[in-house]
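Below: the structure, in structure tokens.
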Amino acid sequence: MDFVKFEAYQPIERPGYEEELAEVVRNVGQRTRDSVRTEGVGRAVRTAHGKSYGLVKATVRILEAPRAYAQGIFAQPGSFDAVVRYSNGLGHLRADSLLGAACGMGIKMFGVPGRSLLHDEAEATTFDLNLINNRVFFANTVHDYLMIEPLFAQLPDALLNPATRRQWLADFLTRQGTLERDQWLWDELFAMMSFTQVPRKNLLSYTYNSMGAFRHGDYIAKIRTAPTQQSLAGLAHGDVDVLADGEAFRNTLVTEAGERDHAFDLQVQLNVDLERMPVDNTSVEWPEQLSPWVTVARVDIPRQDISRADNLSAADSTSITPWRSREEHRPIGEIMRVREEVYRRSSIERHGINGQRRQEPATSAELLG
């Protein structure tokens with residue numbers, strides 16, 4: 001199989017990118033400040049992945065893999081101390097029945113060698129992966145983000161109300177009427193609507209995918225985690241009943257974590273065709289028929305008690321960004337470039353308002369004790 005070399009990818013340079021990025025950052029900052037009032041909990045809330053479900057201690061074990069997949073931090077067998085943050089994808093703090101089922105799995109590894117790509121914490125030894133329980137994403141450019149971010153803030157209410165649903169969908173498809181018919185965002189709209197089809201399940205039963213592509217040493221890749229067959233078979237709780245329990249995702253996670261060990265395979269899919277596996281269109285799924293997923297590591301989550309309130313506090317204060325990475329795993333694609341500054345500024349704003357220390361921990365024990 002011939003894999004696409006990293007050098008073959010050419011970033012798209014769009015006029016006005018920096019100006020629109022600055023506007024996005026301002027908007028996200030303002031929405032973060034406003035969340036103290038709008039969410040009604042007396043603190044700032046993330047504009048995405050606002051509701052934490054828990055933070056668990058983990059170990060990421062690097063396994064032997066074929067040479068093309070054994071790149072960067074996955075080049076040699078070993079292990080890293082880690083934590084995993086589970087969260088809801090929306091930027092609201094509500095009962096689970098009033099939120100969608102789009103959820104995130106954020107992995108933070110400790111003791112990873114090399115310089116971080118984040119310029120203001122280059123010496124930090126942490127390495128993050130932020131993943132979602134869907135195979136596609138709904139924004140691909142800084143202009144998409146600028147137009148869609150305020151619409152995203154209206155979810156899920158806008159789609160539940162028949163009076164607003166049609167206008168919301170039209171605004172999303174047409175970038176609020178600014179696009180000609182042949183430019184409408186059909187890929188992005190279908191990707192957005194696919195999130196409404198995600199079932200409400202045990203958080204430890206989902207497969208979680210990277211929202212964009214990364215450099216993978218010499219090549220280009222996407223990343224995912226999938227529960228091992230043994231771990232999946234051992235789950236005692238399947239679907240979650242959010243109508244009977246407004247904190248069903250959290251309570252199920254607490255129960256499962258306290259009863260048994262769990263594990264995920266960390267897998268890589270290498271790019272073999274930039275046309276059929278586009279980097280700059282995250283709304284198009286990369287077909288497994290072209291390139292299979294290959295396991296490069298194992299995320300082991302030992303049995304543990306995460307039931308205390310301070311666990312949620314630790315989860316809330318934990319920052320996860322795809323740019324807390326290394327050069328061999330540089331995020332690529334326009335929407336990934338947007339995330340670098342948006343996530344960084346959002347973290348600075350939120351931690352400042354909430355009086356939380358914005359400094360990367362050296363070990364999982366600093367977060368979980």
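Residue numbers run from 1 in the order of the sequence given.
Using a 4.5 Å heavy-atom cutoff, the side chains of Gln269 and Ser210 are not in contact.
Checked by atom type, the side-chain pair Tyr53/Asp96 shows a donor-acceptor distance below 3.5 Å. Arg14 and Thr141 share no donor-acceptor pair across their side chains, judged by distance under 3.5 Å alone. Using a 3.5 Å distance cut-off with no hydrogens or angles, the side chains of Lys57 and Ser364 do pair a donor with an acceptor. At a cut-off of 3.5 Å, with distance as the only test, a side-chain donor of Ser194 or Asn134 sits close to an acceptor on the other residue. Counted by atom type alone, Asn202 and Glu256 present one or more donor-acceptor pairs between their side chains at under 3.5 Å. Side-chain contact of Glu39 with His92: a donor-acceptor pair under 3.5 Å is present, judged by distance alone. Side-chain atoms of Thr321 and Asp128 include no donor-acceptor pair closer than 3.5 Å. In the model, Ser325 has no side-chain atom that pairs as donor or acceptor with a side-chain atom of His329 under 3.5 Å.
Of the candidates Phe214, Phe3, Phe6, Phe3 is the only one forming a ring-ring contact (aromatic ring centres under 6.0 Å, His included) with Tyr219.
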Arg33 vs Glu349, salt bridge (charged side-chain N to carboxylate O under 4.0 Å, His left out): CA-CA, chis, key distance, verdict: CA-CA 8 Å; Arg33 292 188 292 274; Glu349 194 83 51; 3.0 Å; yes
Verdict with reasoning, Glu341 to Arg344, per salt bridge (charged side-chain N to carboxylate O under 4.0 Å, His left out): CA-CA 5 Å; Glu341 187 60 13; Arg344 192 181 75 87; 3.0 Å; yes
Asn140/Ser283 under side-chain contact (heavy atoms from CB on, under 4.5 Å): CA gap, chis, key distance, verdict: CA-CA 8 Å; Asn140 292 300; Ser283 303; 3.2 Å; yes
Derivation and outcome, side-chain contact (heavy atoms from CB on, under 4.5 Å), residues Ile301 and Gln304: CA-CA 8 Å; Ile301 301 173; Gln304 58 197 279; 3.6 Å; yes
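Salt bridge absent: Arg250 and Asp245 never bring a charged side-chain N and a carboxylate O closer than 4.0 Å. In this structure, Arg31 pairs ionically with Glu149, as a charged nitrogen and a carboxylate oxygen lie closer than 4.0 Å.
A cation-pi contact, defined as under 6.0 Å to the ring centre and within 45° of the axis, links Arg339 to Phe137.
Applying the ring pair (Phe, Tyr, Trp, His ring centres under 6.0 Å) criterion to Trp168, with sequence neighbours excluded, gives Phe172.
Using the six-membered ring where Trp is involved, Phe152 and Phe138 have ring planes that are parallel, under 30° apart on the 30 and 60° scheme.
Listed for the Thr174 side chain is a donor-acceptor partner under 3.5 Å among the backbone atoms of Ala170. The main-chain N or O of Asp300 is never found under 3.5 Å from a side-chain atom of Arg298 such that the two would form a donor-acceptor pair.
Of all heavy-atom pairs spanning Phe80 and Ile62, the tightest one is CE1-CG1, 3.9 Å. Shortest non-hydrogen contact noted between Ala221 and His216 is CB-CB, 3.6 Å.
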